[in-house]
Structures are given as C-alpha cells and as structure tokens.
Amino acid sequence: MTGPLVPFREIVLKVHSRCDLACDHCYIYEHADQSWRTRPKAISDEAISWTALRLAEHAKTHALPSVSVILHGGEPLLAGPARLRQVCAELTAALDGIAALDLRIHTNGLQLSPRYLDLFDEFGVRVGISLDGDRTANDRHRRYADGRSSHPQVLKAVALLHEERYRHLDLGLLCTIDAANDPLAVYDALAALDPPRIDFLLPHATWDEPPPRPDGSPTAYADWLLTVFDRWEEQGRPMPVRLFESVLSTLAGGPSLTESLGLAPTDLVVVETDGTLEQVDSLKSAYDGAAATGFDVFSHTFDEVAAHPGVRTRQLGLAGVSETCRRCPVVRSCGGGLYTHRYGSGAASGPAAGPAGFDRTSVYCADLEALIRGIESRTAAATTSPAVTDTGELLAAQLDLTRSLLAELHSELAGRGGASWQEAWELAGVVERHSEGLDELLAHPYTRPWLVDSVAALREERPEAPGSARRLAAYVAAAVIRGGLDLAVRVGHRDGALHLPTLGVLRLDDGAGPYSAGAGSYAGSYGDAEVRVVEKGFLVRAGAVERLVVRPGEATPYWRPVRRLGRDGASDLAPDLALDDLDPYRDRFGAPVHPGLGDAEAAGWSARLAAAWGLLRDAVPDQAAEAAGTLSTLTPLLSASTGAVSGPPGYGALGIPVHGDAGELALALLRGFRAAKLRALTEVTDLYAPDTVPAQFRRAPWRDTPVPVSELLAGAYERVGLAAYDTSYRDHARRALDALEGTAELTVSGKSLLAALWKEVDHA
C-alpha cells in the first residue's frame, strides 16, 4: 500500500452489544458475522478508559482539530444513563485541550427519555434515530421479537427529541430502504416529522447474498430513490437528504458526503464492547471475521489499525476500486459503492464475476449508475454554471471573486493597515455609491495579483504586507478620476513615481527615473501625494510639487499614460484595449515582460496587433467579437516565441510577444484568449474533479504520453478555437473531444462545456 497514513477522525464506539428489537435486516445479528454472541453486553470501565486514552493520543499525534465519536450498539441506550455518562465524561476529559469532540448516538429510540436527553444536553451528544418510514414500512422489518410494532414508540421518541429544550440535539432520521415499500409513503412520513436531515441507507448485501428485488428490476433501488428525489425536488428540498446531496456534490466536482459513495479515503474505526478494534462494522455482512484487525485498545494504538492492510485498501481512492469501476464514467460519484457491497466469495458468474473478495463492482452497481445519471439528468440545467455559456455571467463571477478577495484583505488586515488603509477603504465605499469607477478598477486584470500577493503576505506575516495592502489608495484614486468625482485621495508613491492603475504613471521628481517597474517593486523612498479631479483631468500635489494632467490620454514630460490599441492611431477597427507595459503587477505570465516600450516600438507593435485583429475579425468573427468584449489588456513580452503566454492574472489580460508578423500575432491572440477564458472558467466553477491518478490519464493526439483530463480539456479547448481559424487543428480537436467523452472526471458543468465544444468544432 502506498500513500500517507490517513488518521481516524471518526470512532464508532460500541457501548452495548444487544438490542431490544429483532430487525430481520440487521447486519449485526442477522448476517454472516456472529461475533456479538461472544462479546460482553456492555462496554467495560477499562475499555472506556483505554479508548479515551488512545483517541487523545491519536488526535495529538496528528494534530486533529476535531474528532467524532458515535455511540453505537446493538442498541446503545441499553447501556444505561450511568454507563453513558461515564463514556461521555472520560472522552470529554481526555480530549480537553487537544481536539474538539463531536459526540453522537445512533438509536432506535425506544428507550429515549428526558433522563437520557438531559445527559446528552450536558455533553452535547446529538441523536440520530432509525425509522424506516410510515408504520407499514417500519413494521416490515423493525419489530420486537414477539412481532409487535415498534413504530408508535419511535414516534414518541422523535416527538420528545423535537421538544424545544432538546431540538438542538436532533441529528435526523436514518431509513433503511426496502424496495417493496411505497417510496412516497416512506418519504412523506419521514418529511412530516420535520427532521433536520434524512439518511437513506441501502440494505447491506453482497454478491453471495444479493439484495431482494421484488419486481426483478436491476435498478429497483435507483427507481425507488429517484421517486423520492422527485418529490424532494418538487417540495424545494425542505431538508437535507445526505445521499442526494452527496451525488449532487460529486457531480459538481465536490467531495462525497457519505462513506457509501465517492472516493474519499475511509477515516473510521470501530471499538467493540470488549475493546477489540475493527474495521467498519458493515463488513460483518460479508463473512465471519471480515471486520477483524487482530488489534485492541489495550495493546495497540489507532495508528497501528490505520496501517492495517484492510483499512489501507479503503484509503486508495480510485486505485482501490475494481478495473471495471475505474473505467466507469460515474465512478467519481459512486466510488465503487460501499466496500462491503462489493464482496463475493468467487463462485459468482455473470455480472458478479470477478476474483474472490472485494475487487469487483458493487452488488448495487446498476442502481448506483442509474441513480447518479438520473439525478444528473434532472438537475443538469439548474446545476450547470451559467458562466459556461454566458460571457456576461463569467465576467460577473470574476468580479465577484475579486470583490471577495478585497473583503478578505480587509479582514486579514484587522487594523494593521492604519489610518491610511481605513481612509482608502471608506473612500472606496463613497466611490462605489457614486460611479462605476471602482468596478472598472476591480475588473482590471492586474488588481487580482495585487490582492492575492497582499493576502498571502499578511498570512505569512511578512514585514512589507501592510504597505502592499495600502496600495488600495492608488486604485481608489484611479476610480475617482474615471468617475470624475470631487474627492481628494491621499496616495503613496515610491521613488518619485505615482502609478495609477489603468491610467498611467506620473513622475513627481525631475522625470529621470523609469516609468515602468517590476512586479510589485516600488522599493525605495516613500512619500504621500494628494490626487484630485479638476476639469477634464486631475491634479496631484506632493509637498511643494504640483502636477496637472489636463488630458490623461496624452503623454507629457512627466505623465506617461497607458497606451491603447484602437485609440493611438493603429487602426479604427481594432478594439479599445490597454497596451499595459507599466503596471507593477503585470509580471505574471511565466515569461519576462517588456520593461517599457519606446514610442517607435509601441507604434510598430500596435500596427501589427491591429492587422492581426483584422485577420481574426475576417476569419473568426464570433470569437473576435467575444474577445473584444471581454479582454481589456495586452502586455508586451520579451519572449521570442509568438505563442501567447498564459498566467494567473484576473480575466482580461493576455501576454503577447512584441515579435512576430500579423499572422503569427493573430494566432497568439486567439490561443491566448482561449487559454485565458478556460482559466477564468476554472476559477469560478469546477469543470472536472481532481485527476492526479495516472491510471485515469488519457491519450492526447498531440502528446506521446497520456495526460490528465485537465490538460486534455485545455488542449481541446484551445484547438477547437484555432480550428475555426486554421483547419489543420480540426483533427486534433475532434480526437481530443472524443477522448474526453465518458471521462469520470468531468463535472456537470464540464460536460456542458464539452457539448458546447462539439457544437463549435462541428461548425468550424
């Protein structure tokens, strides 16, 4: 087994090994493993103490912020209030100062009373109650040994738990599915109790003992669950349903929310009443001894159990499922199903064929696939990010991301920015209320690198962090100028140069120094200046020095504006884009930026860019129009290559080499635009789940070795766009899209993007 040891964050503590019901679907009493017969009824004092010790030791070793302990059985309430108090008290004392303790209990509710709930309130023990639905459904399996119904008593327990004084302890309802029950009657009965959560559980089964299928359908359980899902959706999802939310999460590229689905490594261990340490106890359904580790709390640490081969197997993620599962498009959501449900002794044939043990598909394989595809088809339109198909939504999402970073910076400063930050922060609010200038500055692609750098510097407690954050004043001043607002803004300058983002650089000394600066540099002497709008321009005062800029778009001996394509005489048909070789945060492209273009060099580059834009407008008018509407900034690079260089600034900037003719620059612009847009999409929505497992890499037509889905999608996205300009890219584009079909990594939004790419390449 490879990979780091995964510490246990969840402990199932068996406090009592007997039950007051005789449920015929119980995996403890009715399935293969009958070890409960040889174990003490109640957990011993010694086992409680050693469990608390081992858990505290484990939490401290791995610096766990919190651990969860589930009090379980049998029926845990049979342990009695005194024994449960001892358990809670010893665990609480042992974890004090080491990790937060999340205590829970899973019960059938028959013994629940105020005496228990007062105890649970004292120690913060949350209560989950097992109930299989309406009386007909519940009585199918959950009866007393003499055949009496348990349903009325469970409803009394739920009602007691819902009293105002105990409601905060309610963890929700656990319902084991029986496909013979009416799904709507079951759901409606549970929903009527207003639980904080419902957990639907598939009955434990293996290939040796398959689940009952009343109508013989291979997807009976999926059909049952999808009927419930539809009712849940119609009602507006009135409460969380863990199984459904887990599928929705994984379809969107997020984590699984339950052990029974997804590829997250297991982090659970079971402590039996005799102190024996076991794997997840659902394994008792497989065969006698399947959950055994040979360890106990008296002689072994939790780390020793975590290193057990059986535990490690369930921590391998995608590598831990069968070969059939690894090739399945829905494996990211189902995770091969619950480990227990994969078991077969080796005598099976047909769909259950496979080696003896757990290296096979789930006995619920067809159900899981149908459930996941059913939920996806029902929710795809609502869950697909609108940014995938709507450029306006993408720009809005990008602006929201930058705004969130600015708020994060303000929070991280926590007063460390001093009066100058507070003044700039308050002025930013004034600007926002009176003009669009602040949004224009936040949308500037080099605002994002400044924010990211500043937040990182604060978190790392670097000495320059507060100074970097105070650059906000320069953005506010530029916004004031853009909005024509009658506000005075105090701004810091370095070495006699005042940079106003998106506008230009003003020299406050004799003008001998450089206009351009390296990334975030401005090291040197520091001073303050006041910026104020006058007439059509602005006035800057710094001590005895005054600089009046009457026309901000025109250069003077002390004012160097940001040049613009489409304004500076290159071409009336080129879009109005900034040619920014001034911004100190522009150096984010993985290639050297030009330190500052001379007038002749800038004019030549602008003319070739305008000609390149003309080529794009003629060959790919739709892409050219979209690029013109979303890009804002081109930055010259010193790279000799004529390929656009991608980097991490906010959406809207491209790094374009100063070399190359119009045809070469046209390809560079188109390639850069495609790369920038895809990167922007990945920043605001998940297009694919993590794809770090080499076994899942795909063959790319332009590479000799397989690549992860992220790289394959990026290459396909670029080549689909280029194919419309140059048909030589079309074959690679189509082959890449073929390779992406059916990949498990693509999310709902990723699949929507793939469908859009097929339409685009078909019309190229």
Q) Is the number of heavy atoms from other residues, nucleotides or ligands within 6.0 Å of CZ (R115) greater than 12? A) no

Q. From I375 CD1 over to L243 CG, what is the distance, rounded to the nearest 0.5 angstrom?
A. 6.5 Å

Q. Side-chain contact, heavy-atom cut-off 4.5 Å: L190 with C175?
A. yes

Q. Going by heavy atoms in the side chains, are P255 and T250 under 4.5 Å from each other?
A. no

Q.
Which residue in the set L174, I177, T258 passes side chain to side chain contact (heavy atoms under 4.5 Å, CB included) when paired with L201?
A. L174

(Q) Would you call the rings of F358 and Y343 parallel, tilted or perpendicular, taking 30° and 60° as the class edges? (A) tilted

Q | Separation of L193 CG from I198 CD1 (nearest 0.5 Å) | A | 8.5 Å

Q. Just wondering, do I48 and V87 contact through their side chains at under 4.5 Å, heavy atoms?
A. yes

Q) With a 4.5 Å heavy-atom cut-off, do L103 and T92 have their side chains touching? A) yes

Q.
Determine whether a donor-acceptor pair (N or O, by modelled atom type, separation under 3.5 Å) exists between the side chain of D132 and the backbone of T176.
A. yes

(Q) Taking the ring centre of each residue, are W232 and F229 less than 6.0 Å apart? (A) yes

**Q.** Non-hydrogen atoms of P210 and A205 that approach each other most closely
**A.** C-CB, 4.0 Å

**Q.** Salt bridge flag under 4.0 Å for residues E122 and R85
**A.** yes

**Q.** Side-chain heavy-atom pair S66, D102 within 4.5 angstrom cut-off
**A.** no

Q.
Rounded to the nearest 0.5 Å, what separates atom OG in S333 from atom CZ in R373?
A. 10.0 Å

Q: Could you tell me whether K14 and D274 have a side-chain N and a carboxylate O separated by less than 4.0 Å?
A: no

Q: Look up atom CZ in R242 and atom OG in S256, then write down how far apart they are to the nearest 0.5 Å.
A: 9.5 Å

Q. When rounded to the nearest 0.5 angstrom, what distance separates CD in Q86 from CG in L91?
A. 10.0 Å

Q. Thinking salt bridges, do R332 and E745 make one under a 4.0 Å N-O criterion?
A. yes

Q: Apply the test salt bridge (Lys or Arg N to Asp or Glu O under 4.0 Å) to residues E57 and R54: give CA-CA distance (whole Å), side-chain angles for both, the deciding distance (0.1 Å), then the verdict.
A: CA-CA 5 Å; E57 171 187 72; R54 295 300 188 192; 3.7 Å; yes

(Q) Taking the side chain as everything from C-beta on, heavy atoms only, tell me whether Q235 gets closer than 4.5 Å to P238. (A) yes

Q: Say whether, by atom type as modelled, one donor and one acceptor occur between the side chain of T273 and the main chain of P40 under 3.5 angstrom.
A: yes

Q. Mind checking whether L451 and L406 have side chains closer than 4.5 Å, heavy atoms only?
A. yes

Q | CA sep, side-chain torsions, deciding dist, call: D208, S345, side chain to side chain donor-acceptor pair (under 3.5 Å) | A | CA-CA 7 Å; D208 291 353; S345 62; 3.2 Å; yes

(Q) Could you report the tightest heavy-atom contact between A94 and A56, atom names first, then the distance? (A) O-CB, 3.4 Å

Q: Take I70 and L13, measure what side chain to side chain contact (heavy atoms under 4.5 Å, CB included) needs, and give me the verdict at the end.
A: CA-CA 6 Å; I70 301 171; L13 182 59; over 6 Å; no

Q.
side chain to side chain contact (heavy atoms under 4.5 Å, CB included) for L161 and V127? Distances and angles first, verdict last.
A. CA-CA 8 Å; L161 185 56; V127 183; 4.1 Å; yes

Q.
Is it true that H162 and D194 share a donor-acceptor pair across their side chains at a distance under 3.5 Å?
A. no

Q. Quick check: does any side chain N or O of W207 sit under 3.5 Å from a backbone N or O of R360, one acting as donor and the other as acceptor?
A. no

**Q.** salt bridge (Lys or Arg N to Asp or Glu O under 4.0 Å) between R165 and D121, worked out
**A.** CA-CA 9 Å; R165 55 182 170 159; D121 186 31; over 6 Å; no

Q | E461 CD: over 12 foreign heavy atoms closer than 6.0 Å | A | no

Q: Grab the two heavy atoms, one from G109 and one from A157, that are nearest each other, plus how far apart they are.
A: O-CB, 3.2 Å

Q: Determine yes or no for a side-chain-to-main-chain donor-acceptor pair under 3.5 angstrom, with R231 supplying the side chain and V228 the backbone.
A: no

Q.
Show the nearest heavy-atom pair for residues W224 and N181, with the distance to one decimal.
A. NE1-O, 2.8 Å

Q) Backbone N or O of A382 within a donor-acceptor pair of the T379 side chain at under 3.5 Å? A) no

**Q.** V271/V297 under side chain to side chain contact (heavy atoms under 4.5 Å, CB included): CA gap, chis, key distance, verdict
**A.** CA-CA 8 Å; V271 182; V297 293; 4.0 Å; yes

Q | Main-chain N/O of L277 paired to T293 side chain as donor or acceptor, under 3.5 Å | A | yes

Q: Taking the side chain as every heavy atom from C-beta outward, state whether H141 and D178 have any atom pair closer than 4.5 Å.
A: yes

Q) Angle class for the H58/F302 ring planes (parallel below 30°, perpendicular above 60°, tilted otherwise)? A) perpendicular

Q: Could you check R167 against E163 for salt bridge (Lys or Arg N to Asp or Glu O under 4.0 Å), going step by step and ending with a plain yes or no?
A: CA-CA 6 Å; R167 185 74 193 229; E163 289 184 7; over 6 Å; no

Q: Decide side chain to side chain contact (heavy atoms under 4.5 Å, CB included) for S130 and R142; before the verdict, give the C-alpha distance in whole Å, the side-chain angles of both, and the deciding distance to 0.1 Å.
A: CA-CA 9 Å; S130 295; R142 304 185 64 79; 3.4 Å; yes

**Q.** Minimal non-hydrogen separation, L71 against C88, with atom names
**A.** CD1-SG, 4.3 Å

(Q) So does L368 get a backbone contact from the side chain of Y221, meaning a donor-acceptor N/O pair under 3.5 Å? (A) no

Q: Please indicate whether E376 has more than 12 foreign heavy atoms, meaning atoms of other residues, nucleotides or ligands, lying under 6.0 Å from its CD.
A: yes

Q. Between atom CG of L338 and atom CG of L202, what is the distance when rounded to the nearest 0.5 Å?
A. 8.5 Å

Q) So, for E272 and I43, which heavy atoms are closest and what is the spacing to 0.1 Å? A) O-CD1, 4.5 Å

Q) Would you find a donor on one side and an acceptor on the other, under 3.5 Å apart, between the side chain of R342 and the backbone of G337? A) yes

Q. Just checking, any donor-acceptor pair under 3.5 angstrom between side chains of H151 and D134?
A. no

Q. Does the N108 side chain pair with the main chain of L110, one donor and one acceptor, at a distance under 3.5 Å?
A. yes

Q | Flag, side chain of E75 to backbone of L77, donor-acceptor distance under 3.5 Å | A | yes

Q) Any idea how W50 and F298 line up, ring-wise: parallel (<30°), tilted (30 to 60°), or perpendicular (>60°)? A) perpendicular

(Q) salt bridge (Lys or Arg N to Asp or Glu O under 4.0 Å) for D199 and R197? Distances and angles first, verdict last. (A) CA-CA 7 Å; D199 278 0; R197 179 181 298 277; 5.0 Å; no

